[in-house]
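Owing to the predicted nature of the structure, the values given are computational and were not obtained by experimental measurement. In what follows, every chain begins at residue 1, and chains take the letters A, B, ... in the order their sequences are listed.
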Amino acid sequence: MMALTSRGDEQGRGAPLGKLRSLTITCQDDQTVIEEGDPETLLGELNRLIRRFDPHAVITDWGDVFLVPALLDLARRAGIPLEFDREVVRRRIRTAGRSYFSYGRVVYQAPSYPFFGRWHLDSRNSFILKETEVAGLLELSRLSKVPVQKMARTSPGSAISMMQLDRALTDGILIPWKKGEPERWKTAWDLLVADKGGLVYQPITGLYENVAEIDFASMYPAMMVHHNISPETVDCACCPDNAAPEIGYSTCRRRDGLVTRTLRPILTRRQALKRLRNGASGATRARYDHRQTALKWILVTCFGYLGYKNARFGRIEAHETVTAYAREKLLTARALAEERGFRVLHAIVDSMWIVKAGATEAEVLDLCRAIREAVGIDINLEGIYKWVSFLPSRVDPAVSVANRYLGAFRSGELKLRGIDLRRSDTPPLVAEAQQRMVEVLARAEDLAGFAARIPEVLEIFVEYAWRLREGQVRMADLTIRRTVSKEAGEYKGNSQVGLASRQMADRGVPVHPGERVRYIISDADAGNAEARVRAIPFLAPDTPYDTGTYLTLLCRAVETLLWHHGYDCRRLLRILAERRVIPTG
Amino acid sequence: MHSPAPLLTGWIFDTYPTSGGMVVWIVDAEGKSHRLVDPFQPSFYAAGPIKALRQLAADLSRLRLAEPVGMTRRQEFWTGEPRDVLEFLLLDPERQPALLRHLAVPRPGIILYDCDLAPALTYCHARGIFPLARVAVSGTMTNDQWERRAESREPRMEAANCATRWRDRRGTWIIRSRHSS
């Protein structure tokens, strides 16, 4: 395996105007750095190393977006063929990818540069590689029969689609080219009843101790198998008595559905991999974990694909049947928990947070057994929290939100959702400060311990505020990364992301919708909008940063942790004034 | 007929279409990579009135994109009922995009199946292999026809059909070794 990395600007695209500055080639503990120079030297040395090591796989950073097209372009201009491929092929050099809309986000897909006879894996252009490393990638490639390089560049949803196609081929089923199966006619009332999605009980905001979290295991795919939910088995004419709750769509008892047949072995295999992981250690354990995680991702996406109109085996009625059964199962679980004296603090689709004074772990496990027997799907104890904090909306503190909470399990593990350090647009400095504070709070065994650690948290807060105030931070630690949702010219106002995007485009490095732009806030209130932010590639040694704005971001990170003890941004700023970090008043 | 001696044992490293078949890269136990070309023509199917099917067959033959094989019976996805369809062979998997461009022109009454499946998938399915499957490739001359056999040595996996044999249709199996010195 050979690794190729280039050094250029911080967008990973070479210097501001797309120039390759240096290339680092690592193979079998041998590292060669080729600095900027004449193309003949660079290409000759690269070819020599490829011949010497003859790697089966080349792993790059930004290889598809920048590095490989840049090297191929260099090779074309210098007239020196690159020896990435093991057979002679003619390539067209493309630098433009495509942007598309998925699950409410704009996503950018870079052009693809596979090699012939060798694998090219771009670690920055592969969701599966990023989430599950090589072990997970190979697991999905083998199961879906998608060649490794292609699998690296496709989504888990494509993998499950390919497995369904393979299952259909094996079973001699004709696979229609054009689906031609429109959604059936529904009245507004039908839609109101059927199109509800998963069930959510908004959390009761507050800070709690000894809360148990119980989760259904792979709930949606397990139900698809348990109830035989597949596009061709839903709403069948032969089993009207086997109807889904609320919506009344029947599911067939006579035909085993294609989706069911595809998912069943995946669920079994994942359970087996988890068992193997639990009995292993070190690198072997990590490999089993990556493989089961890869399967988790395809199980997560299989439900979405069931309702996706362009999916080969998608049908919205099947999707609605899954959610109808899921709502019923969560309601049953809640009723059983309440019967046994538990208070349900929060529930979301397939998870429930419950609390009962003096309850033991055995009692929770007994409840899980009762729920399993009642609904037919496995439900497990995720863990018992020493403390958990359900947070309100930032926009309106009177409103609770489903996915903004943090807690520390008795095992010492943390669970953080929707807070600053989980967000990609939080500057690293603020994320680091919040991480340190969370680690302090995680040592608390209960609510009293939590309160006792607040002074220590505030000391960390003051320390980081001082660093900001004194200019003792690197620009890289203040970088804000945001995904661009449109072309630079389409931003009409002067939002920070629009300004940064325009700066990039004006200097010849357009950032496409779905790509990320990185910038620092230099003066948020500057009259000249151009001076408000500075895109990272164009930072100068004298570029200032906006201390006040970054202090506000830091205050918000602390506010998130200490909200239930009455620390809001105003109170935190007063503390900074008392400690003379900022002027009084 | 005698038992053929294995020519090559290794793992399926990559597959992709080439003119007239599929390139199959195999990495052997010493880590050497070998490039094979397996002649392969994926099947696809069409249903519809006989007259329209005849016209479709004539058009595709004239364009040298596909040849009809004959009527066969397969299972319809939505109803589960058997359906009579005309099987075609795509003559060159590399020309699948050209086939799809041609088929995109609507033909009244014709329904097409399997024509847009990725050649790598149909190839793996036809040969009973999958990426990184361990295979043994062997060859022997019988009745002027080359016979190939690849037997997977993988533990049983649900997603992969193991224990398979490779046969080419035209006896033009090509084995070329690269970087083997």
Exercise. Side chain, backbone, both or neither: which part of B/F77 has an atom under 4.5 Å from a heavy atom of chain A?
Worked result: both
Exercise. Does A/W119 use its side chain to pair, donor to acceptor, with the backbone of B/F13 at less than 3.5 Å?
Worked result: yes
Exercise. How about B/R54: does its CZ atom have over 12 heavy atoms from other parts shown lying under 6.0 Å from it?
Worked result: no
Exercise. Can you tell me how far the OG atom of B/S33 sits from the CG atom of A/D54, to the nearest 0.5 Å?
Worked result: 5.5 Å
Exercise. Are A/Q149 and B/D14 close enough that a side-chain donor and a side-chain acceptor fall under 3.5 Å?
Worked result: yes
For this session: Under 4.5 Å, counting heavy-atom pairs only, tell me which of A/I175, A/T268, A/L174, A/I266 racks up the most with chain B.
Result: A/L174
Problem set entry | Pairwise distance CZ(A/R86) to CZ(B/R35) - rounded to 0.5 angstrom | 12.5 Å
Exercise. Quick check: are there more than 12 heavy atoms from other residues, nucleotides or ligands sitting under 6.0 Å from CZ of A/R254?
Worked result: no
For this session: Verify the neighbour count for atom NZ of A/K296: are there more than 12 heavy atoms of other residues, nucleotides or ligands below 6.0 Å?
Result: yes
Problem set entry | Most contacts with chain B, counted as non-hydrogen pairs under 4.5 angstrom, among A/R51, A/R264, A/H56 | A/H56
Exercise. CH2/B/W78 to CG/A/L258 distance, rounded to the nearest 0.5 angstrom?
Worked result: 10.0 Å
Exercise. So which of A/M151, A/R312, A/R315, A/K150 has the largest heavy-atom pair count under 4.5 angstrom toward chain B?
Worked result: A/R312
For this session: Would you name the heavy atoms of B/Q75 and A/D171 that are closest together and state the gap between them?
Result: OE1-O, 4.1 Å
Exercise. With chain B, which of A/S230, A/S141, A/C236 has the greatest number of heavy-atom pairs at distances under 4.5 Å?
Worked result: A/S141
For this session: Rounded to the nearest 0.5 Å, what's the gap from CD1 on B/I111 to NZ on A/K178? Could you check?
Result: 13.0 Å
For this session: Please check if the side chain of B/H125 supplies one atom and the backbone of A/K145 the other of a donor-acceptor pair under 3.5 Å.
Result: no
Exercise. Counting heavy atoms not belonging to A/R253, are there more than 12 under 6.0 Å from its CZ?
Worked result: yes
Seminar exercise, completed: Taken to the nearest 0.5 Å, the spacing of A/L169 CG from B/S43 OG works out to 10.0 Å
Seminar exercise, completed: Minimal heavy-atom distance between A/M162 and B/A118, with the atoms involved, is CE-CB, 4.1 Å
